[in-house]
Engineer: 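One structure follows; several queries about it will come next.
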Amino acid sequence: QVRLVESGGGLVQAGDSLRLSCAASGRTDVSYAVGWFRQAPGKERAFVAAIGWDGSSTLYADSVKGRFTISRDNAKNTAYLQMNSLKPEDTALYYCARQLGRTRGSAMGVKKSYDSWGQGTQVTVSS
């Protein structure tokens, strides 16, 4: 079992930046990708970004490419999502999740392949 805890959300203005963190505890001695997803009120939970087990593979949703950067520090069992140039449409509850294995590329964007989820951190961007 693994426990994922997100932090770093908040209320910001359009154009500002935030960095979200996802700390893993428990069973972390396995290879896994980390994904970030978000869910706005009344909408489905959507993929945002993912990073492979060793950090060499990343994947982004088109809506965040060039603005968001995902990274991870395996020594700290923590993944990050740096969000720049935030827009009101980025407002959502952001979740991190774990995908077991050494997947790369588009396979990291498959929501149902993630087996553990955090509780989420709220990001609100005002115009």
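None of the values given here were measured: they were computed from a predicted structure. Residue indices begin at 1 and follow the sequence shown.
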Engineer: Which pair of heavy atoms, one from A49 and one from L81, lies closest together, and at what distance?
Structural biologist: CB-CD1, 4.1 Å
Engineer: Considering only NZ, NE, NH1 and NH2 on the basic side and carboxylate oxygens on the acidic side, decide whether K87 and D90 come within less than 4.0 Å.
Structural biologist: no
Engineer: If you round to the nearest 0.5 Å, how far is CZ of R72 from OG1 of T58?
Structural biologist: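 Those atoms lie 12.0 Å apart.
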Engineer: So W53 and Q99, do their side chains get closer than 4.5 Å, heavy atoms only?
Structural biologist: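 Side chain of Q99 against side chain of W53, heavy atoms only: no contact under 4.5 Å found.
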Engineer: Between N84 and S17, does the side-chain contact (heavy atoms from CB on, under 4.5 Å) criterion hold? Intermediate values first, please.
Structural biologist: CA-CA 4 Å; N84 297 330; S17 298; 2.9 Å; yes
Engineer: Go through it in stages, so that I can follow the logic: the residues are L20 and V123, the test is side-chain contact (heavy atoms from CB on, under 4.5 Å), and I'd like the CA-CA distance, side-chain angles, deciding distance and then a yes or no.
Structural biologist: CA-CA 9 Å; L20 306 184; V123 172; 4.0 Å; yes
Engineer: What are the two closest non-hydrogen atoms of T121 and G9, and how far apart are they?
Structural biologist: OG1-N, 3.1 Å
Engineer: How about R19 and T69: do any of their side-chain heavy atoms sit closer than 4.5 Å?
Structural biologist: no
Engineer: Can you tell me if CD on Q119 sees more than 12 non-hydrogen neighbours from other groups inside 6.0 Å?
Structural biologist: no
Engineer: To the nearest 0.5 Å, tell me how far D16 CG sits from S85 OG.
Structural biologist: 9.5 Å
Engineer: So which heavy atom on A40 is nearest to which on A92, and how close?
Structural biologist: N-CB, 3.9 Å
Engineer: What pairs with S116 under side-chain hydrogen bond (donor to acceptor under 3.5 Å, both in side chains), at least two apart in sequence or on another chain?
Structural biologist: none
Engineer: Step by step, would you call F37 with W117 a ring pair (Phe, Tyr, Trp, His ring centres under 6.0 Å)?
Structural biologist: CA-CA 10 Å; F37 295 78; W117 294 79; 4.9 Å; yes
Engineer: Give a yes or no on whether Y80 and F68 share a hydrophobic cluster (residues Ile, Leu, Val, Met, Phe, Trp, Tyr; joining criterion: side-chain heavy atoms under 4.5 Å apart).
Structural biologist: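 They do not share one cluster, since no chain of ILVMFWY contacts under 4.5 Å joins Y80 to F68.
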Engineer: At what distance, to the nearest 0.5 angstrom, does CD1 of I51 lie from SG of C96?
Structural biologist: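 Here the rounded value is 13.0 Å.
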Engineer: Taking all non-hydrogen atoms of both residues into account, name the closest pair between A107 and S113 and its distance.
Structural biologist: O-OG, 4.1 Å
Engineer: Return yes if some donor-acceptor pair links the side-chain N/O of R45 with the main-chain N/O of L93 below 3.5 Å, else return no.
Structural biologist: no
Engineer: Test of understanding: clusters of I, L, V, M, F, W, Y form through side-chain heavy atoms closer than 4.5 Å, transitively. Do V30 and V34 belong to the same one?
Structural biologist: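 They do share one cluster, since a chain of ILVMFWY contacts under 4.5 Å joins V30 to V34.
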Engineer: With rounding to the nearest 0.5 Å, note down the distance linking CD in Q122 to CG in L11.
Structural biologist: 9.5 Å
Engineer: Atom NZ of residue position K76 - does it have more than 12 heavy atoms of other residues, nucleotides or ligands inside 6.0 Å?
Structural biologist: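 No, because the 6.0 Å sphere around NZ of K76 holds 12 heavy atoms or fewer from other groups.
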Engineer: What's the separation between atom CG in L18 and atom CD in Q82, rounded to the nearest 0.5 Å?
Structural biologist: 8.5 Å
Engineer: T124 side chain to T91 main-chain N or O, any donor-acceptor pair under 3.5 Å?
Structural biologist: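 No: the side chain of T124 does not pair with the backbone of T91.
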Engineer: Do W36 and L100 sit in the same hydrophobic cluster, where Ile, Leu, Val, Met, Phe, Trp and Tyr count as joined when their side-chain heavy atoms come under 4.5 Å apart?
Structural biologist: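 Yes; tracing contacts between hydrophobic side chains, which count when under 4.5 Å, links both residues.
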Engineer: Might you work through the side-chain contact (heavy atoms from CB on, under 4.5 Å) test for M83 and V64, ending with a clear yes or no?
Structural biologist: CA-CA 8 Å; M83 306 187 296; V64 306; over 6 Å; no
Engineer: Any heavy-atom pair between the side chains of L59 and F47 that's under 4.5 Å?
Structural biologist: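 Yes, at least one pair of side-chain atoms sits under 4.5 Å.
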Engineer: Provide the closest heavy-atom pair for M108 versus G52 in the form atom of the first, atom of the second, distance.
Structural biologist: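 Closest approach of M108 to G52, heavy atoms only: SD-N, 3.5 Å.
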Engineer: To the nearest 0.5 Å, what is the distance between CZ (R98) and CD (Q1)?
Structural biologist: 8.0 Å
Engineer: When you compare the side chains of R102 and S31, does any donor N or O come within less than 3.5 Å of an acceptor on the partner?
Structural biologist: yes
Engineer: Do you reckon Y94 sits in the same ILVMFWY cluster as V12, going by side-chain contacts under 4.5 Å, direct or chained?
Structural biologist: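 Yes.
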Engineer: Same hydrophobic cluster for Y114 and Y32, using side-chain heavy-atom links shorter than 4.5 Å among ILVMFWY?
Structural biologist: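 Hydrophobic grouping puts Y114 apart from Y32.
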Engineer: Any idea which heavy atoms bring S127 and A14 closest together, and the distance?
Structural biologist: CA-CB, 4.4 Å
Engineer: Do E6 and Y95 come close enough that some side-chain heavy atom pair is under 4.5 Å?
Structural biologist: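 With C-beta onward as the side chain, the pair touches.
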